[in-house]
Q: 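Before anything else, here's the structure in question.
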Number of protein chains: 2
Amino acid sequence: MTLRTAQQKKDLCPGCPVARVADILGDSCSLLIVRDLLSTPQRFSQLETSLRGISTRTLTNKLKQLEHEGMIKRNEYTKPQRVEYSLTKKGEALHTVIDAMRSYGKKYL
Amino acid sequence: MTLRTAQQKKDLCPGCPVARVADILGDSCSLLIVRDLLSTPQRFSQLETSLRGISTRTLTNKLKQLEHEGMIKRNEYTKPQRVEYSLTKKGEALHTVIDAMRSYGKKYL
DNA sequence: CAGTATCCACCGGGATACTG
DNA sequence: CAGTATCCCGGTGGATACTG
């Protein structure tokens with residue numbers, strides 16, 4: 001068995017809820033996006049600035065992924081032109097995980 | 001700024017405890033190793049079997065990483081020859097994070 | 001049993017330029 | 001402002017063979 005692609009990684013442990021969360025929040029980018037949106041909805045450019053050094057390409061991809069997973073919602077406005085990303089209920093619920101990580105990180109890292 | 005290497009990723013948000021946890025548990029392998037060790041100490045070969053499809057090379061690397069981070073301990077025994085990996089206090093404390101992930105995964109994924 | 005060593009495919013993601 | 005498109009580099013990790 002090979003384990004090269006993301007899909008195959010996903011199959012590694014399909015029955016385990018821990019693994020499923022890891023698949024989504026696994027890369028630091030996605031996790032940090034959710035962390036940022038937990039405080040308030042943000043525009044594309046705000047996220048771009050906050051995640052210092054991320055490329056537009058990567059940010060776009062991660063946002064699409066998270067939207068596809070049902071974690072975030074994309075809201076388009078026309079005056080002035082802007083796009084805001086906010087968490088869905090499903091996304092907001094991740095705060096429990098992120099809080100646990102924050103507590104752990106503060107205490108042990 | 002480039003963000004290609006792991007080190008650079010680490011620097012992305014050095015002050016954020018959430019990011020620091022993500023750096024360590026970010027890849028599903030490491031996370032699943034900790035998850036496995038939370039129930040009981042395990043031998044190299046047991047982990048190899050449990051994480052279906054992982055290569056010895058990768059398992060070795062992840063174990064070394066986690067040991068270096070102070071999450072796990074490597075215990076060598078001679079009769080019979082075997083090596084057991086167990087969690088340190090620091091590693092055990094990760095159960096809060098993993099529990100949060102499990103609850104979330106069960107409920108939403 | 002518990003690794004080490006080497007080789008190489010793959011793809012994530014940076015850099016850059018362009019668009020509605 | 002919020003992306004899309006292309007090009008290409010580098011690290012992750014599988015496969016395989018070997019060791020104490």
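Just the heavy atoms: all of them, side chains too, but no hydrogens, waters or symmetry mates, feed the values below. Residue numbering restarts at 1 for every chain, and letters A, B, ... go by the order of the sequence lines.
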Q: Using only side-chain N and O atoms of B:Lys62, determine if any of them is under 4.0 Å from OP1 or OP2 of D:dG13.
A: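 B:Lys62 to D:dG13 OP1/OP2: side-chain N or O found under 4.0 Å.
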Q: Taking only N and O in the side chain of B:Arg74, is any of them less than 4.0 Å away from OP1 or OP2 of C:dA2?
A: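 Checking B:Arg74 against C:dA2: no side-chain N or O falls below 4.0 Å of OP1 or OP2.
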Q: Counting side-chain heavy atoms from CB outward, which of C:dG3, D:dA2, C:dC1 is closest to A:Arg82?
A: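 Selected nucleotide (nearest to the side chain): D:dA2.
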Q: Would you say a side-chain N or O of A:Tyr85 is under 4.0 Å from OP1 or OP2 of D:dG3?
A: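 So the side chain of A:Tyr85 is within the cut-off, an N or O lying under 4.0 Å from OP1 or OP2 of D:dG3.
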Q: Go nucleotide by nucleotide along DNA chain D from the 5' end; which of A:Val83 and A:Arg57 gets its closest nucleotide reached first?
A: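 Of the two residues, A:Val83 wins.
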Q: Atom CG of B:Asn61 to atom P of D:dG13: distance rounded to whole Å?
A: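 Atom-to-atom, B:Asn61 to D:dG13, this comes out as 8 Å.
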Q: Taking only N and O in the side chain of A:Lys64, is any of them less than 4.0 Å away from OP1 or OP2 of D:dT4?
A: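 Yes.
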Q: Does C:dA2 have its OP1 or OP2 closer than 4.0 Å to a side-chain nitrogen or oxygen of B:Ser45?
A: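 Checking C:dA2 against B:Ser45, a side-chain N or O does come within under 4.0 Å of OP1 or OP2.
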Q: Could you check whether the side chain of A:Thr56 and the base of D:dT4 have a donor-acceptor pair of N or O atoms closer than 3.5 Å, going by distance alone?
A: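 Answer is yes: a donor-acceptor pair is held.
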Q: If the cut-off is 4.0 Å, is A:Arg43 near the phosphate of D:dC1, judged by side-chain N/O to OP1 or OP2?
A: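 No, outside the criterion.
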Q: Using modelled atom types and a 3.5 Å cut-off, is there a donor and acceptor pairing between side-chain atoms of B:Thr88 and backbone atoms of B:Gly70?
A: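 Yes; judged by distance alone, with no hydrogens or angles, the pair exists.
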Q: Taking ring-ring contact (aromatic ring centres under 6.0 Å, His included) as the definition, give me every residue that meets it alongside B:Tyr85, ordered by chain and number, with sequence neighbours left out.
A: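 Here no residue qualifies.
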Q: To the nearest Å, how far apart are A:Glu67 CD and D:dG3 P?
A: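 About 9 Å, once rounded to whole Å.
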Q: Taking the side chain as everything from C-beta on, heavy atoms only, tell me whether B:Arg35 gets closer than 4.5 Å to B:Arg102.
A: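 Heavy-atom side-chain distance check passes, below 4.5 Å.
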Q: Rounded to whole angstrom units, what separation is found between the CG atom of A:Leu51 and the P atom of C:dG14?
A: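 Atom-to-atom, A:Leu51 to C:dG14, this comes out as 11 Å.
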Q: If I take atom CD in residue A:Glu48 and atom C1' in nucleotide C:dG14, what distance separates them, rounded to the nearest angstrom?
A: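 Going from A:Glu48 (CD) to C:dG14 (C1'), I get 13 Å.
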Q: Should A:Thr58 be listed as having a side-chain N or O under 4.0 Å from OP1 or OP2 of C:dG13?
A: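 For A:Thr58, the contact criterion (side-chain N or O under 4.0 Å from OP1 or OP2 of C:dG13) is not met.
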Q: Taking both distances under 3.5 Å as the test for a Watson-Crick or G-U pair, what stems of at least three pairs does DNA chain C have?
A: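 Runs of three or more consecutive pairs: C:1-20 with D:1-20.
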